[in-house]
K.L.:
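Below you'll find the structure I mean.
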Protein chains: 2
Amino acid sequence: MPRRKREGEPFETVSRERVLRAAVALVDERGIEALTMRDLAGRLGIEAASLYNHVSGKDDLLLGMADLVIAEIDLPSEGMGWREAMRRRAMSARQLFARHPWAAALIDTRMQAQPSGLAYADRVLGTLLRAGLSPAVAGNAFLVLDSYIYGYERQRSILAREDGGDSTDTAQEVADAIEPGAFPALMQVAAAYAEEPFDEDAGFAFGLDLLLDGIERLLPAGQPQKRP
Amino acid sequence: MPRRKREGEPFETVSRERVLRAAVALVDERGIEALTMRDLAGRLGIEAASLYNHVSGKDDLLLGMADLVIAEIDLPSEGMGWREAMRRRAMSARQLFARHPWAAALIDTRMQAQPSGLAYADRVLGTLLRAGLSPAVAGNAFLVLDSYIYGYERQRSILAREDGGDSTDTAQEVADAIEPGAFPALMQVAAAYAEEPFDEDAGFAFGLDLLLDGIERLLPAGQPQKRP
DNA sequence: ACCTGAACACCGTTCAAGT
DNA sequence: ACCTGAACACCGTTCAAGT
């Protein structure tokens, strides 16, 4: 039987790239737990078994998806100052997480030796080396920055809501759920955020700038970088 | 048929607590992907279906496991200075990850309104409030610190090895795998770490102290805290 | 080279039936 | 109240057979 063609879609031959893109679209729409080989195959108009012509298994699929979205993060260009470059890629990563809420969890367990991930690491490290850091210190700075960038997203997403409510609603729910007097400090903080919403961007920038300040102090003297 | 009693084990009635402890032991030994309801039940001498008398499902099981290991993290005591308290809990968390390598991934997706998680948040926030931070700032500091602590573990574990090799082996493998000239900065950093191993503890402390320094600067004047 | 159909060895979960 | 046995609706993956 010939492949079923889905209406409106121009015919395209199935390829690894197209499998990965379909998987990303599926997970964007229905969440990571809805990703099954059968459903993914259905989207491509083939059977589940046929996917194994393009990916070696589900693990390879997830690896490929992680690498595909890493390519969406803006990489530092050569002309940019290192601090501006690091800030930009952090913001670009956060925009990526807004488009693909599942990406942070996938990337930081599966950033392995895939093409885009290697390019990402090379460009970030290159920027830090050119700024004057030693290779070992550049590696440490990279690890520390990415720990914070991906870690913040994961912590933030615990507090985020699936419904349309904002952070004041979450805070109010927490405050309501605590029996009076049990967790006074938590209650006090929840009450504060129920009144004035938590600014996620400012909260992120606070920690990021602290780390960037510290990295800047490691630079050899005579290479001052102005802060924005 | 009566419950089969495993040899050497004293008879204990199955309870939620015992289910959770058995799950932690199973995952410690065989990894998170080896956790199935059937195998877990087998360890307890019961059938898989019986687990549903103690947990509402696999999701509840994972939630309970996360909460159980959170309880292992040392909490700040009242007498301690805030900075020492934050440093201690960070180190305690890292020791937890050494005992339970799967814990970081579980905790930072599942720290929800469970008893130990609430107590953890309350004690950390209480310490920061007593140090003089406003509730909103204390919440932000908590989020930033935990982003880094859990994020670092996840990044670190990507680079870690399952076999007995150390970080110089990983670095050498990366260096060998890159085709010459393709990723010069990455190659340079890998070469540096192949020669001198990456110090994970010092690398962690670097970022942590930067964040603590920044939080300290937010404190009202006249409450100086000495650095260790 | 790529796809299908059917199967295999698993999963989590439900539920009537037992004690 | 807690457990069993059996079933259900799924999974990822394999493989001979087709084109």
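Residue numbering restarts at 1 for every chain, and letters A, B, ... go by the order of the sequence lines.
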K.L.:
In chain order, what residues pass the ring pair (Phe, Tyr, Trp, His ring centres under 6.0 Å) check against A:His100, with sequence neighbours excluded?
P.N.:
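Counting only residues at least two positions away or on another chain, A:His100 forms a ring pair (Phe, Tyr, Trp, His ring centres under 6.0 Å) with A:Trp102.
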K.L.:
I need the CD-C1' distance between A:Glu47 and D:dC15, as an integer number of Å.
P.N.:
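My rounded result for the distance is 15 Å.
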K.L.:
If you pin A:Ser50 and A:Asp39 to their nearest nucleotides in DNA chain D, which one's is more 5'?
P.N.:
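Of the two residues, A:Asp39 wins.
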K.L.:
Would you say that B:Tyr148 contacts A:Val144 through its side chain, given a criterion of any heavy-atom pair below 4.5 Å between the two side chains?
P.N.:
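A side-chain contact under 4.5 Å exists here.
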K.L.:
Specify the separation, in whole Å, of atom NE2 of B:His54 and atom C1' of D:dT4.
P.N.:
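For the pair B:His54 NE2 and D:dT4 C1', the rounded distance is 14 Å.
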K.L.:
Can you name the atoms? Protein N/O to nucleotides 12-14 of chain C N/O, anything below 3.5 Å, with the distance.
P.N.:
from	atom 1	to	atom 2	distance (Å)
C:dG12	OP1	B:Lys58	NZ	2.9
C:dG12	OP2	B:Met37	N	3.0
C:dG12	N7	B:Arg38	NH1	2.7
C:dG12	O6	B:Arg38	NH2	3.0
C:dT13	OP2	B:Tyr52	OH	2.8
C:dT13	OP2	B:Lys58	N	2.8
C:dT13	O5'	B:Tyr52	OH	3.2

K.L.:
Quick test of your reading: applying salt bridge (charged side-chain N to carboxylate O under 4.0 Å, His left out), list the pairs with at least one residue in residues 117-129 of chain A, sequence neighbours left out, ordered by first then second residue.
P.N.:
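Listed by first then second residue: nothing to list.
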K.L.:
Can you list the residues that meet the side-chain hydrogen bond (donor to acceptor under 3.5 Å, both in side chains) rule with B:Thr168, with sequence neighbours excluded?
P.N.:
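B:Thr168 satisfies side-chain hydrogen bond (donor to acceptor under 3.5 Å, both in side chains) with B:Asp166 only.
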K.L.:
Atom CG of B:Asn53 to atom P of D:dT4: distance rounded to whole Å?
P.N.:
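That distance rounds to 10 Å.
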K.L.:
Give me the residues of residues 21-31 of chain B where at least one heavy atom lies under 4.0 Å from an atom of DNA chain C, by number, or none.
P.N.:
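Nucleic-acid contacts, sorted: none.
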K.L.:
Please list all pairs passing the side-chain hydrogen bond (donor to acceptor under 3.5 Å, both in side chains) test where one or both residues lie in residues 191-200 of chain A, with sequence neighbours left out.
P.N.:
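For residues 191-200 of chain A: A:Arg156-A:Glu200.
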K.L.:
What is the distance, rounded to the nearest whole Å, between atom CG of A:Leu51 and atom C1' of D:dC11?
P.N.:
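Nearest whole value for this atom pair: 14 Å.
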K.L.:
Give me each pair satisfying salt bridge (charged side-chain N to carboxylate O under 4.0 Å, His left out) with a member in residues 53-68 of chain A, each pair once, sequence neighbours excluded.
P.N.:
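As it turns out, the salt bridge (charged side-chain N to carboxylate O under 4.0 Å, His left out) pairs with a partner in residues 53-68 of chain A, which skip direct neighbours, are A:Arg16-A:Asp60, A:Asp59-A:Arg110.
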K.L.:
Mind listing the closest non-hydrogen atom pair of B:Gly57 and B:Met37 along with its distance?
P.N.:
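That closest heavy-atom pairing would be C-CE, 4.3 Å.
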K.L.:
Name every residue in residues 61-69 of chain A that has at least one heavy atom under 4.0 Å from any atom of DNA chain C, in order of residue number, or write none if there are no such residues.
P.N.:
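Within residues 61-69 of chain A, no residue comes under 4.0 Å of DNA chain C.
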K.L.:
Does B:Glu29 have any salt bridge (Lys or Arg N to Asp or Glu O under 4.0 Å) partners at least two apart in sequence or in another chain, and if so, which?
P.N.:
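With sequence neighbours excluded, B:Glu29 shows a salt bridge (Lys or Arg N to Asp or Glu O under 4.0 Å) to B:Arg43, given in chain and number order.
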K.L.:
Distance only, no hydrogens: is a donor on one side chain within 3.5 Å (strictly under) of an acceptor on the other, for B:Arg94 and B:Tyr152?
P.N.:
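Not at all, the side chains of B:Arg94 and B:Tyr152 share no donor-acceptor pair under 3.5 Å.
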K.L.:
Apply ring pair (Phe, Tyr, Trp, His ring centres under 6.0 Å) to A:Phe97 and list each qualifying residue two or more places apart in sequence or on a separate chain.
P.N.:
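With sequence neighbours excluded, A:Phe97 shows a ring pair (Phe, Tyr, Trp, His ring centres under 6.0 Å) to A:Tyr150, given in chain and number order.
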K.L.:
Would you sketch DNA chain D in dot-bracket for me? Only Watson-Crick or G-U wobble pairs with both distances under 3.5 Å count, crossing pairs as [ ], other-strand pairs as |, the rest as dots.
P.N.:
||.|||||...|||||.||
K.L.:
Is A:Arg99 salt-bridged to A:Glu72, going by a charged N under 4.0 Å from an acidic O?
P.N.:
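Between A:Glu72 and A:Arg99 there is a salt bridge, with a charged N closer than 4.0 Å to a carboxylate O.
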K.L.:
How many Å lie between CG on B:Leu44 and C1' on D:dC2, as a whole number?
P.N.:
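So the CG-C1' distance, B:Leu44 to D:dC2, works out to 14 Å.
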K.L.:
Quick one: does A:Ser157's side chain have a donor or acceptor within less than 3.5 Å of a partner on A:Glu153's backbone?
P.N.:
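Side chain of A:Ser157 to backbone of A:Glu153, a donor-acceptor pair under 3.5 Å: yes, one is there.
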K.L.:
With sequence neighbours left out, write down each residue that passes side-chain contact (heavy atoms from CB on, under 4.5 Å) with A:Asp39, or none if nothing qualifies.
P.N.:
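Testing A:Asp39 for side-chain contact (heavy atoms from CB on, under 4.5 Å), a comparison that skips the adjacent residues, returns A:Leu26, A:Arg30, A:Thr36.
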